[in-house]
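Note that the structure is predicted; figures quoted are calculated from it, not measured.
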Amino acid sequence: LDPQPDDAILEIGCGNGRWISWIASRVSIAYASDLSWQALAKSPKEISGANRFCADAAYLPVADARLSKILAVDVIEHIPDDQGALYQMARALQPGGRIVITTLVANRPSYTFRLVFDDHVREYDADSLVSLVQQSGLEVRDVFGFYYAPRMIAREIQAVAEKIPL
């Protein structure tokens, strides 16, 4: 994500604020959003440097082209309207801005037993995540796997996309 001092960054699905708390002190403005007020309220100290708000990612209360970067760590798989959420991210992103999305890989390899998450609306492989991001009008710059380097055996994938300036 490479936060810079003049960035305006939003973390979607911030939960207890793990990532945005690290980012907030490095940028001019940080936003922390989650669908759950309980999640936002649990860690006010950790999210103290960010403007917090409760919102559905498919209906972001953020002005057009307001954000330079957006972070969504392990949240896209929980969003019923994933395409709507990505359209909202693209709308709120400045031209040339960057979005980083991570998610568990569908049909991920099992180390000892397969982890199943009942709260996942869906899971993605690299191709389906790239397709979803591209349908929102963003250009995918990079896709890679981690927790194992080769994308085909990764436990998680990350897509980095940018809004192309007109």
Measuring from atom [atom1] of [X] to atom [atom2] of [Y], what distance do you get when rounded to the nearest 0.5 angstrom?
| X | Y | atom1 | atom2 | answer |
| --- | --- | --- | --- | --- |
| Ser33 | Ile70 | OG | CD1 | 9.0 Å |
| Asp74 | Thr102 | CG | OG1 | 4.0 Å |
| Ile76 | Leu104 | CD1 | CG | 13.0 Å |
| Leu129 | Leu86 | CG | CG | 8.0 Å |
| Leu60 | Phe53 | CG | CZ | 6.0 Å |

message: Going by side-chain hydrogen bond (donor to acceptor under 3.5 Å, both in side chains), name the pairs with one or both residues in residues 85-101, residues two or more places apart or in two chains.
response: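 Output for this query lists Asp64-Arg91, Gln88-Arg91, Arg98-Glu162.
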query: Do Asp7 and Ser68 get their side chains close enough for a donor-acceptor pair, meaning under 3.5 Å?
result: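 There is such a pair (donor and acceptor under 3.5 Å, judged by atom type) between the side chains of Asp7 and Ser68.
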query: Would you say the side chains of Tyr31 and Arg66 form a donor-acceptor pair under 3.5 Å?
result: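 Distance-only check passes for Tyr31 and Arg66.
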task: Quick one: which residue pairs count as a salt bridge (charged side-chain N to carboxylate O under 4.0 Å, His left out) with a foot in residues 75-85, not counting sequence neighbours?
output: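 Passing the test, one end in residues 75-85: Asp82-Arg122.
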field: Candidate pair Gln4 and Arg26, rule side-chain contact (heavy atoms from CB on, under 4.5 Å), full reasoning
entry: CA-CA 6 Å; Gln4 298 297 310; Arg26 293 163 170 78; over 6 Å; no
Give the minimum heavy-atom separation between [X] and [Y], together with the two atoms involved.
| X | Y | answer |
| --- | --- | --- |
| Ala90 | Ile99 | N-CD1, 4.4 Å |
| Ala50 | Ala24 | N-CB, 4.2 Å |
| Cys14 | Asp34 | N-OD2, 3.3 Å |
| Pro61 | Ala55 | CD-CB, 3.6 Å |
| Ala39 | Ser36 | N-OG, 3.0 Å |
| Ala32 | Leu40 | O-CD2, 4.1 Å |

- prompt: Do Asn51 and Ile29 come close enough that some side-chain heavy atom pair is under 4.5 Å?
  reply: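 Yes - at least one pair of side-chain heavy atoms lies under 4.5 Å apart.
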- prompt: Does some side-chain heavy atom of Pro5 sit less than 4.5 Å from a side-chain heavy atom of Val27?
  reply: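 Sidechains of Pro5 and Val27: no contact.
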message: Under the criterion side-chain contact (heavy atoms from CB on, under 4.5 Å), I'd like the reasoning laid out for Val121 against Ile79: C-alpha separation, chi angles, the key distance, then a yes or no.
response: CA-CA 7 Å; Val121 176; Ile79 301 172; over 6 Å; no
field: Any donor-acceptor pair under 3.5 Å from Lys69 side chain to Leu1 backbone
entry: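 Pair found, side chain donor or acceptor close to backbone of Leu1.
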Considering only distance and modelled atom types, tabulate donor-acceptor pairs under 3.5 Å from the side chains of residues 132-140, sequence neighbours left out.
{"residue": "Gln135", "atom": "NE2", "partner": "Ser131", "partner atom": "OG", "Å": "3.0"}
{"residue": "Ser136", "atom": "OG", "partner": "Val133", "partner atom": "O", "Å": "2.6"}
{"residue": "Glu139", "atom": "OE2", "partner": "Arg141", "partner atom": "NH1", "Å": "2.8"}

query: Given the rule that I, L, V, M, F, W and Y join up when any side-chain heavy atoms are under 4.5 Å apart, are Trp37 and Leu35 in one cluster?
result: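 No: no chain of side-chain contacts under 4.5 Å links Trp37 to Leu35.
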